[in-house]
Every structure is written in structure tokens, then in C-alpha cells.
Amino acid sequence: QVQLVESGGGLVQAGGSLRLSCAASGRTFSNYAMGWFRQAPGKEREFVVTISGSSGITYYADSVKGRFTISRDNAKNTVYLQMNSLKPEDTAVYYCAADSTIRRFYGLGTPNYWGQGTQVTVSS
């Protein structure tokens, strides 16, 4: 089992940057894929990015490629989302997620473990 706690959200102007953190508990952290989803008002939850637990392979949504970077520090049981060149359309609640199977981040399933979410608001 895994527990996730996000932090780092807030208000930022368009073109600015934020760094989100997700602290995980559980002895199997290094073996789990980690990732981020987001949900804007009136929209469905959407996939943002994921990183594998075994090889560090990453998958990014087209909307954030070149602007967002995911990384993980297994020694600290933490995954990060560096968000640069932020746009108003990036405004959403961002959720950290974890699962033993990376396909659940971008396939038909959904990750088994979720954080509480952190609000990111980008002003124009």
C-alpha cells in the first residue's frame, strides 16, 4: 500500500514556473510507477505525465511536452513535477498517483493510489 501527499501548488502568472512535490510512504515506492493527473473546472480528469519505477521511462501528454518535467528521488520517496512556461489552460487541481502497472496511467485503467490534490492557478 502507498500513501501520497502533494505540495507546491499555488498562484503563478502566465510564463512562470512551479514545482510540485509528492511524498510517498510505503516500502515498495521504488518499484511503483508514479505520475500526475489534473482536473480543471467543468472538465474530465486528464493524464499529464508518468514515470516508471524500474527504468525511469516517461510519458507526457502532448499539452505539456517541452514545458513539464517529471523526476523522482527514490531515496526521499518523492516524485516532482517541474512546470515551466505555465499557461492559463494549465489551471487545475493536480493529483499525484501511483501504481505497480504503468499502463494504468495512460491505458483503460486508473492508478490504485491517489493523493489529495493541489491547486495550480495560472493568471493571464
Side-chain angles (χ1 to χ4, degrees):
Q1 59 269 41
V2 178
Q3 291 78 46
L4 307 172
V5 179
E6 302 104 325
S7 62
L11 293 167
V12 65
Q13 292 183 264
S17 298
L18 286 173
R19 187 176 183 87
L20 306 183
S21 298
C22 176
S25 63
R27 69 175 77 98
T28 62
F29 174 80
S30 63
N31 297 321
Y32 273 60
M34 304 287 295
W36 297 87
F37 293 78
R38 66 187 183 185
Q39 187 167 21
K43 295 185 177 180
E44 297 293 324
R45 183 184 64 198
E46 67 172 337
F47 167 75
V48 177
V49 62
T50 186
I51 183 168
S52 69
S54 59
S55 63
I57 295 173
T58 58
Y59 299 88
Y60 291 86
D62 289 341
S63 59
V64 305
K65 286 180 180 177
R67 300 187 299 118
F68 291 10
T69 304
I70 191 171
S71 62
R72 65 190 297 162
D73 186 338
N74 288 337
K76 296 181 178 180
N77 289 349
T78 302
V79 64
Y80 304 96
L81 183 64
Q82 180 65 47
M83 309 163 68
N84 298 327
S85 301
L86 283 162
K87 305 174 180 179
E89 52 262 45
D90 295 318
T91 295
V93 177
Y94 283 70
Y95 296 92
C96 180
D99 200 281
S100 62
T101 302
I102 194 169
R103 292 187 303 275
R104 294 197 178 102
F105 288 85
Y106 54 83
L108 296 178
T110 188
N112 284 319
Y113 303 99
W114 293 85
Q116 81 286 355
T118 185
Q119 177 71 49
V120 172
T121 302
V122 184
S123 61
S124 60

* Passing candidate, side-chain contact (heavy atoms from CB on, under 4.5 Å) with Ile102, options Pro111, Ser52, Ser55 ->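 Single side-chain contact (heavy atoms from CB on, under 4.5 Å) partner of Ile102 among Pro111, Ser52, Ser55: Ser52.
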* May I ask you to test the Arg104-Thr110 pair for a side-chain heavy-atom distance under 4.5 Å? =>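 Not in contact.
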* When you check the gap from the basic side-chain N to the acidic O, do Asp62 and Lys65 get nearer than 4.0 Å? ->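 Between Lys65 and Asp62 there is a salt bridge, with a charged N closer than 4.0 Å to a carboxylate O.
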Whether the side chain of [X] engages the backbone of [Y] through a donor-acceptor N/O pair (distance < 3.5 Å, no angle test) should be reported.
X: Arg67; Y: Ser63; result: yes
X: Thr58; Y: Thr50; result: no
X: Glu6; Y: Gln116; result: yes

Test of understanding: clusters of I, L, V, M, F, W, Y form through side-chain heavy atoms closer than 4.5 Å, transitively. Do [X] and [Y] belong to the same one?
X: Val48; Y: Val5; answer: no
X: Ile51; Y: Tyr59; answer: no
X: Tyr94; Y: Leu4; answer: yes
X: Val120; Y: Met34; answer: yes

* Asked: Phe47 vs Phe37 aromatic rings, parallel, tilted or perpendicular, using cut-offs 30° and 60°?
  ->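 The rings of Phe47 and Phe37 stand perpendicular, inter-plane angle above 60°.
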* Asked: Any idea how Tyr32 and Tyr113 line up, ring-wise: parallel (<30°), tilted (30 to 60°), or perpendicular (>60°)?
  ->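 Plane angle between 30° and 60°, so tilted.
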* To do: Output the distance between atom CG (Leu86) and atom OG1 (Thr121), rounded to the nearest 0.5 Å.
  =>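 Taking CG in Leu86 and OG1 in Thr121, the distance rounds to 10.5 Å.
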* Euclidean distance, Arg72 CZ relative to Asn77 CG, rounded to 0.5 Å ->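 Nearest 0.5 Å value for the CG-CZ distance: 9.0 Å.
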* **Candidate pair Thr69 and Tyr60, rule side chain to side chain contact (heavy atoms under 4.5 Å, CB included), full reasoning** => CA-CA 9 Å; Thr69 304; Tyr60 291 86; 3.8 Å; yes
* To do: Applying side chain to side chain contact (heavy atoms under 4.5 Å, CB included), run through Val79 and Cys96 and close with a yes or a no.
  => CA-CA 9 Å; Val79 64; Cys96 180; 3.8 Å; yes
* Stepwise side chain to side chain contact (heavy atoms under 4.5 Å, CB included) test for Tyr80 and Ile70 -> CA-CA 6 Å; Tyr80 304 96; Ile70 191 171; over 6 Å; no
Considering only distance and modelled atom types, tabulate donor-acceptor pairs under 3.5 Å from the side chains of residues 9-23, sequence neighbours left out.
unit_1	atom_1	unit_2	atom_2	d
Ser17	OG	Asn84	OD1	2.9
Arg19	NH1	Gln82	OE1	2.9

* Asked: Taking the six-membered ring for Trp, are the ring centroids of Trp36 and Phe68 within less than 6.0 Å of each other?
  ->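 Trp36 vs Phe68: aromatic centres not under 6.0 Å.
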* Take Thr118 and Val93 through the side chain to side chain contact (heavy atoms under 4.5 Å, CB included) test and state the conclusion after the steps. => CA-CA 5 Å; Thr118 185; Val93 177; over 6 Å; no
* Step-by-step side chain to side chain donor-acceptor pair (under 3.5 Å) determination, Thr91 to Arg38 -> CA-CA 9 Å; Thr91 295; Arg38 66 187 183 185; over 6 Å; no
